[in-house]
Amino acid sequence: MLMTAYLTVVSYLSAAALVPAPAPDGPDHPKAPGDTIPWRQPAEPAADDAAFPLINEPFFSGGPPALAAYLKNPDWYPAKAVEAGLEGTVHMRFRVLATGRLSDIEVVKSRGPILDKAACTLIERMPRWFPAHRGGMAVSRLYELQITFRLTHPAIYP
């Protein structure tokens with residue numbers, strides 16, 4: 001009984017939140033046909049964060065060992081960077097969508113255009129990730145990743 005009353009109140013409140021507010025009356029605000037206030041959904045709902053915390057963060061298929069193996073592939077190192085002796089860590093940010101696809105790829109901390117482009121290409125070609133989950137549903141989530149480009153010298157490191 002108490003649960004039914006609670007759900008009824010919550011459903012009325014959520015329905016009331018979707019109704020646009022009426023336009024103010026007066027000479028400064030004439031009413032025109034179709035004059036409504038658009039309803040916008042927030043990019044990441046803050047209210048759900050407290051009610052439904054994340055069950056898991058997004059992760060690469062196979063976990064951290066598989067991600068490390070993927071990043072260590074020498075094919076990702078650009079030939080121009082090897083010739084120039086460029087090394088460093090590029091800090092990247094991207095969004096893991098609810099489908100597992102990656103979007104909104106951007107460089108947060110640059111190490112030069114050659115390494116930045118290689119890091120972007122590396123992320124663009126990644127396989128799908130497992131998305132974050134909140135309240136039993138897959139959700140979109142930002143993720144930051146550091147990609148380190150390091151030259152290895154066979155004579156020094158067997």
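Atom CG of Leu102 and atom CZ of Arg125 lie 14.0 Å apart (nearest 0.5 Å). Rounded to the nearest 0.5 angstrom, Leu115 CG and Lys80 NZ are separated by 12.5 Å. For the atom pair CD (Glu57) and CG (Leu142), the distance works out to 10.0 Å, reported to the nearest 0.5 Å. Atom CG of residue Leu86 and atom CZ of residue Arg150 lie 14.0 Å apart, to the nearest 0.5 angstrom.
With a 4.5 Å cut-off on side-chain heavy atoms, Leu67 and Met126 count as touching.
Glu83 is linked by a side chain to side chain donor-acceptor pair (under 3.5 Å) to nothing, counting only residues two or more places apart in sequence or in another chain. Not counting sequence neighbours, Glu124 has no partner by the side chain to side chain donor-acceptor pair (under 3.5 Å) test. Listed by chain and number, the residues in a side chain to side chain donor-acceptor pair (under 3.5 Å) with Arg101 amount to none (sequence neighbours excluded). Every residue meeting the side-chain contact (heavy atoms from CB on, under 4.5 Å) condition with Ser103, not counting sequence neighbours, appears here in chain and number order: Arg95, Leu97. For Asp75, the side-chain contact (heavy atoms from CB on, under 4.5 Å) criterion is met by Asn73, not counting sequence neighbours.
Although no hydrogens or angles enter the test, the distance criterion places no donor-acceptor pair under 3.5 Å between the side chain of Asp116 and the main chain of Val107. Here the side chain of Tyr70 pairs a donor or acceptor atom with the backbone of Leu122 at under 3.5 angstrom. Of the possible donor and acceptor atoms, none in the side chain of Asn56 sits under 3.5 Å from a partner among the backbone N and O of Arg134.
With salt bridges taken as basic N to acidic carboxylate O contacts below 4.0 Å, one links Arg93 and Glu144.
Ring-plane geometry between Phe94 and Tyr143 is classed as tilted, the angle between the planes lying from 30 to 60 degrees on a 0 to 90 degree scale.
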Given the rule in the side-chain contact (heavy atoms from CB on, under 4.5 Å) test, do Met92 and Val108 qualify, once you have shown the distances and angles that lead to the verdict?
CA-CA 5 Å; Met92 301 294 297; Val108 177; 6.0 Å; no
Walk me through whether Glu87 and Tyr77 qualify under side-chain contact (heavy atoms from CB on, under 4.5 Å).
CA-CA 10 Å; Glu87 291 184 324; Tyr77 215 114; 3.7 Å; yes
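Phe149 and Val82 fall within a single hydrophobic cluster, where Ile, Leu, Val, Met, Phe, Trp and Tyr are joined by side-chain heavy atoms under 4.5 Å apart, directly or via other members. Follow the hydrophobic side-chain contacts under 4.5 Å out from Leu71 and you reach Leu151 in the same cluster.
With a 4.5 Å cut-off between side-chain heavy atoms of Ile, Leu, Val, Met, Phe, Trp and Tyr, the cluster of Phe130 takes in Phe59.
Annotation for Cys120 and Ile105: closest pair SG-CG2, 4.3 Å, computed over non-hydrogen atoms. Across all their heavy atoms, Gly62 and Pro65 have their closest contact at O-CD, 4.0 Å. Looking at every heavy atom in both residues, Pro58 comes nearest to Ala132 through CD-CB, 3.7 Å. Shown here for Ala118 and Pro78, the closest heavy-atom pair between the two residues is CB-CG, 3.5 Å. Looking at every heavy atom in both residues, Ile55 comes nearest to Gly136 through CD1-N, 3.6 Å.
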